[in-house]
Asker: 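One structure, as structure tokens, below. Some questions next.
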Amino acid sequence: MTLSAENVTAIVDKLYQNETLIAKVPKLRAALGLPDSAEWKTLYSSFGVGRVTAHTLLTHIFSEWVEKNGEEANFMEGLTIRQDNNMAVSPPPGLGKLDPGNTMQSELAKYRMRRMEQTWTPSLNSRFRIGQIPEQIQQQISSLPILSVKAELIEAVKKNRVLIVVGEAGSGKSTQIPKYLAEAGLAEAGLIGCTQPRRIAAKSLAERVSVECGTTVGGLIGYVIRFEKCVSADTVIKFMTDGLLVREFILNPNLSGYSILIIDEAHERTKYTDICFGLLRNVLNENPNLKVIISSATLDKERFSAYFDNAPIFTVSGNMFEVEEIYDQFSRDQLSYLSGVVDKVCSVHFNEGPGHILAFLPGQSDIEKASEQILSRTRNLMGSRHLLKMKIVQCYGLLSLERQNEIFKPAEEGYRNVVLATNVAETSLTIPGIRFVVDCGFFKQSEYDPNTGIEELKMKRITQPQATQRKGRAGRTEKGKVYRLYTKSDLISTFPSTGLPEIQRSNLESVVLQLTVMGFKDVFKFQFMDTPRSDAVCEALEKLQDLSALDEEMRLTPMGRQMAQFPLDPSLAKILVSSSKLRCSEEVLIIVSFLSIQNQSLFNQENYQATKDLVKASMHKFSHRSGDQLMYINIYEEWRSAGRSKHWCVQNHLNAQFLEEVQNIKDQLAEMMKGLHLPIVSCGSNTVAVRQAMCAGFFRQLAKRRGQYDYAKYPDSDRVRGSFFIHPSSSMFPVRPVPSFVMYAEMFRTSKMYMKGITIIDPSWVASEAPIYYKKMRALYPNFG
DNA sequence: AGGGTTTTTT
């Protein structure tokens, strides 16, 4: 028997399966310098040394042994492993070909060993077993409802390829399931991957589970989100966003290296969760070693099961306190929910005992209005009775991180917090200490209209599961109450039972491009759980053709392949790629980085009624006559020359976090461009090249002035009727004379159809930057361009 | 002329 990667791998795997084996092998134990009672697993896990290191170590020890004794057979015998004894274990993930002659590897292993011996020997048991896990956390873990079904759960996962796990909030499924499965030895053949819809959730779950295992993040437990990677060769449980898993499919279509994938929060049905579903269905046929767990709230469990070939459903109870439901006698319309919330918050404050109030409202402006009204109504009464004092806390997505952190600060003594929130507080943020929930029954949601390319913000009735979710926010720590501003019969008979999945109401350009890169030639044959609108798919295909990412036969072009490398919208990727040829990629990198940030605002948006004049003055200082995107460059450069100072940002009403994010994205995009040999060159102050590059992606988004302030789509087609307006938040809004021709980055409908991200361009540039689209348009409109 | 729910990408 000779030393080979497979041999050593098999030994390591064997050791993993039987952790005490090593202690029983005197020769090996002596070689490792372990005390008699030591256990192999304890050794590696206490220092976060994983399989690969163990592997290297063994290789090293083995070769030293052979060198000294010249007998391989004895060594192997000492391990009591025979070749016939199930040696065909697959190698650990990420190992690749082992090089026994790699001195660096073995030296590093020896170094780690020495360090280990110094610190570890005296307190082996207390270090990993219990000592590392604080008493309080141990208690929390052991009181989770899921613990009572641990054994059954592990059995069910062992028996099935796909399992649907249904559990209420507080069951502990997100943190405990991956841990249980790893403990049960189900991660032997590969990683356990867990997806989450949000970056914060992926990160904080990794941190929490690490604490529960007495390790630090990036060792046994790690996470990967866009632009942030915290895993190592030792990682067994990996948390990630669902969008990132979709990206991984491109590189690794069979998901080799994973033993189990857990899709968590599946009921939210995000765009990327839905794509993962379709991809996983395929992979289950290709990769027989893979198991899948779909983890969801109670909603729609039968549909999940049916979609995955009638996979069994495993139910876990929750850990919620009772929440009393109080309904209104009549339903309110969209005009009176605001006053309803104000009334209800005040009466709860005046009549109920201690505990914070959480009120759900549809938007930021509602929150600001309600704030004012509640304040003025309670001001006179403050202190006049033995009342609790009240503090109003606003909570919505565009709030800066500092303000969001305020929400988690404990209330001052003698104060009741009234949290006025949008649906960020429904799932993304959990606010502690809430006893009362006031639910207005509405929310806002965007829907994309593929025929016009316009995103519309619609006021909608919440769904029944949403109502349950909102109610649950009052029962996290003790018994609570929910005040619903609608009747019980309306909830049961007129509120929708499910919402529209995101994939059926969003732009599909990037989805179609990604699926094409993965080799799905016919997107219509991809088995979605809910099929996207066919006009949306067609629209995406046509746009990708216009971008020359797909050819006439819908095949991927080299340009399309290049575009798909970037974690950007196809339009933005095209602009970036085109900028190299136009010799303005340095500037366009800045612009694309600004445009790719969606959920933060560049200028301070808080209390905008009070601060808007100051914000406008600051914006005016940076503005550029050619448009918003050129202003971004001004801001970026001045921010850099101010030394990226936070103080400077505050003075100029800019969001420091936004600009740091721009820097981060820009650096990473620059790296990707280098990898693709796309030169990064500056055009200096020649803004023509920059604006031409933007035509390569935004060519469809042109508008021509029609009246005093209103615009018509250019070319004026009957698909998009009505007038467009420059959004008041644009730096071009106050510009006189009103520009006669503009290109916009974004279009959405609220009270009007608004264009945002305005650039002044020359329509003749479309001919060179988007030749395919130009030809099509010329055939229909002879004067186009 | 006058203001947007929420997420996310090797």
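The structure presented is a predicted model; accordingly, all values stated were derived computationally and were not measured.
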Asker: Taking CG from A:L251 and P from B:dT9, how many angstroms apart are they, rounded to a whole number?
Answerer: 16 Å

Asker: Looking across every strand, which nucleic acid part, if any, lies under 4.0 Å from A:T270 by heavy atom: base, sugar-phosphate, or nothing?
Answerer: nothing

Asker: Roughly, in whole Å, what's the span from CZ in A:R226 to P in B:dT7?
Answerer: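 In whole Å, B:dT7 P lies 14 Å from A:R226 CZ.
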
Asker: Taking the side chain as every heavy atom from C-beta outward, state whether A:V393 and A:V418 have any pair of such atoms under 4.5 Å apart.
Answerer: no

Asker: Nearest-Å distance, CZ (A:F443) to C1' (B:dT7)?
Answerer: 13 Å

Asker: Measure from the side chain of A:Q514, starting at C-beta and using heavy atoms only, and say which of B:dT5, B:dT9, B:dG4 lies closest.
Answerer: B:dT9

Asker: Which sits closer to the 5' end of DNA chain B, A:E248 or A:Y754, going by the nucleotide each is nearest to?
Answerer: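 Looking at the nearest nucleotide for each, A:Y754 comes out on the 5' side.
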
Asker: Check residues 245-252 of chain A and write down every donor-acceptor pair under 3.5 Å in which the side-chain atom is one partner and the other belongs to a residue at least two apart or another chain.
Answerer:
residue : atom : partner : partner atom : Å
A:R247  : NH1  : A:A564  : O            : 2.8
A:R247  : NH2  : A:A564  : O            : 3.4
A:R247  : NH2  : A:F566  : O            : 3.3
A:E248  : OE1  : A:Y258  : OH           : 2.6
A:E248  : OE2  : A:K238  : NZ           : 2.8
A:E248  : OE2  : A:Y258  : OH           : 3.4
A:N252  : OD1  : A:L255  : N            : 3.3
A:N252  : OD1  : A:S256  : N            : 3.1
A:N252  : OD1  : A:S256  : OG           : 3.2
A:N252  : ND2  : A:S256  : O            : 2.9

Asker: Can you tell me the distance, in whole Å, between the CG atom of A:L457 and the C1' atom of B:dT7?
Answerer: 14 Å

Asker: With a cut-off of less than 4.0 Å, is there a side-chain N or O of A:T422 near OP1 or OP2 of B:dT6?
Answerer: yes

Asker: So, using salt bridge (charged side-chain N to carboxylate O under 4.0 Å, His left out) as the criterion, who are the partners of A:R461 when residues are at least two apart?
Answerer: none

Asker: Going by number, which of residues 730-739 of chain A have a non-hydrogen atom under 4.0 Å from DNA chain B?
Answerer: A:F733, A:R736

Asker: Return the nearest nucleotide to the side chain of A:S751; candidates are B:dG4, B:dT5, B:dT6.
Answerer: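 That would be B:dG4.
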
Asker: Can you tell me how far C1' of B:dT8 sits from CD1 of A:I665, to the nearest Å?
Answerer: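 Taking CD1 of A:I665 and C1' of B:dT8, I get 11 Å after rounding.
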
Asker: With heavy atoms under 4.0 Å as the rule, sort A:S596 into base, sugar-phosphate or nothing.
Answerer: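 Since no nucleic acid heavy atom lies under 4.0 Å of A:S596, the category is nothing.
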
Asker: My understanding is that only residues two or more places apart in sequence, or in another chain, count here; which of them pass ring pair (Phe, Tyr, Trp, His ring centres under 6.0 Å) with A:F442?
Answerer: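 Ring pair (Phe, Tyr, Trp, His ring centres under 6.0 Å) list for A:F442, sorted by chain: A:Y337.
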
Asker: When the distance from CG of A:D366 to C1' of B:dT5 is rounded to whole Å, what number comes out?
Answerer: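 For the pair A:D366 CG and B:dT5 C1', the rounded distance is 11 Å.
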
Asker: Within the 4.0 Å heavy-atom criterion, would you say A:E426 contacts the bases, only the backbone, or no part of the nucleic acid?
Answerer: nothing

Asker: Choose from B:dG4, B:dT8, B:dT9 the nucleotide whose nearest atom is closest to any side-chain atom of A:T750.
Answerer: B:dG4

Asker: Tell me whether the guanidinium CZ or amine NZ of A:R470 lies under 6.0 angstrom from the six-membered ring centre of A:F360 and within 45° of its axis.
Answerer: yes

Asker: Considering every strand and a 4.0 Å limit on heavy-atom distances, what is the contact class for A:F725: base, sugar-phosphate, or nothing?
Answerer: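 Nothing: the residue A:F725, judged by heavy atoms under 4.0 Å, touches no strand.
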
Asker: Looking at every strand, decide which applies to A:L244 at a 4.0 Å heavy-atom threshold: base, sugar-phosphate, or nothing.
Answerer: sugar-phosphate

Asker: Base of B:dT9, side chain of A:R247 - is there a donor-acceptor contact under 3.5 Å?
Answerer: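 Checked by distance alone, the answer is yes.
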
Asker: Which whole-number value in Å describes the distance from A:K612 NZ to B:dG3 C1'?
Answerer: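 In whole Å, B:dG3 C1' lies 9 Å from A:K612 NZ.
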
Asker: NA contact type, A:Q605, heavy-atom cut-off 4.0 Å: base, sugar-phosphate, or nothing?
Answerer: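 Base: the residue A:Q605, judged by heavy atoms under 4.0 Å, touches a nucleobase.
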
Asker: Does the distance from a Lys or Arg side-chain N to an Asp or Glu carboxylate O, for A:K704 and A:D716, drop under 4.0 Å?
Answerer: no

Asker: Assign A:T241 to base, sugar-phosphate, or nothing according to its heavy-atom contacts below 4.0 angstrom with the strands shown.
Answerer: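 Sugar-phosphate contact only - A:T241 comes under 4.0 Å of backbone atoms but never of a base.
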
Asker: Please enumerate all residues that pass ring pair (Phe, Tyr, Trp, His ring centres under 6.0 Å) together with A:F526, with sequence neighbours excluded.
Answerer: A:F520, A:F528

Asker: Check every strand shown and say whether A:D569 touches a base, only sugar-phosphate, or nothing at a heavy-atom separation below 4.0 Å.
Answerer: base

Asker: Which part of the nucleic acid, if any, lies within contact of A:K458, taking any heavy atom under 4.0 Å across all strands shown: a base, the sugar-phosphate backbone alone, or nothing?
Answerer: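 If one applies the 4.0 Å heavy-atom cut-off, A:K458 turns out to touch nothing in the nucleic acid.
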
Asker: With sugar-phosphate meaning primed atoms plus P, OP1 and OP2, does A:N599 contact a base, only sugar-phosphate, or nothing at under 4.0 Å between heavy atoms?
Answerer: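 If one applies the 4.0 Å heavy-atom cut-off, A:N599 turns out to touch a base.
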
Asker: Any donor-acceptor pair under 3.5 Å between the side chain of A:K756 and the base of B:dG4?
Answerer: yes

Asker: Only counting residues at least two apart or in another chain, list the ones meeting salt bridge (charged side-chain N to carboxylate O under 4.0 Å, His left out) with A:K369.
Answerer: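 Expected list: none.
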
Asker: Within the structure shown, what part of the strands sits under 4.0 Å from A:F748 by heavy-atom distance: base, sugar-phosphate, or nothing?
Answerer: base

Asker: Is it the case that more than 12 heavy atoms not belonging to A:L614 sit under 6.0 Å from its CG atom?
Answerer: yes

Asker: Would you classify A:K460 as touching base, sugar-phosphate or nothing, given that sugar-phosphate means primed atoms plus P, OP1 and OP2, and contacts are heavy atoms under 4.0 Å?
Answerer: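 Nothing: the residue A:K460, judged by heavy atoms under 4.0 Å, touches no strand.
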
Asker: Over how many whole Å does the gap from A:L398 atom CG to B:dG4 atom C1' extend?
Answerer: 7 Å

Asker: Look at all strands and tell whether A:E447 reaches a base, only sugar-phosphate, or nothing, counting heavy atoms closer than 4.0 Å.
Answerer: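 Touches nothing.
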
Asker: Counting just side-chain N and O atoms, does A:S365 come under 4.0 Å of either OP1 or OP2 of B:dG4?
Answerer: no

Asker: Both A:R749 and A:V424 contact DNA chain B. Taking the nearest nucleotide for each, which residue is further toward the 5' end?
Answerer: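 The residue closer to the strand's 5' end, by nearest nucleotide, is A:R749.
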
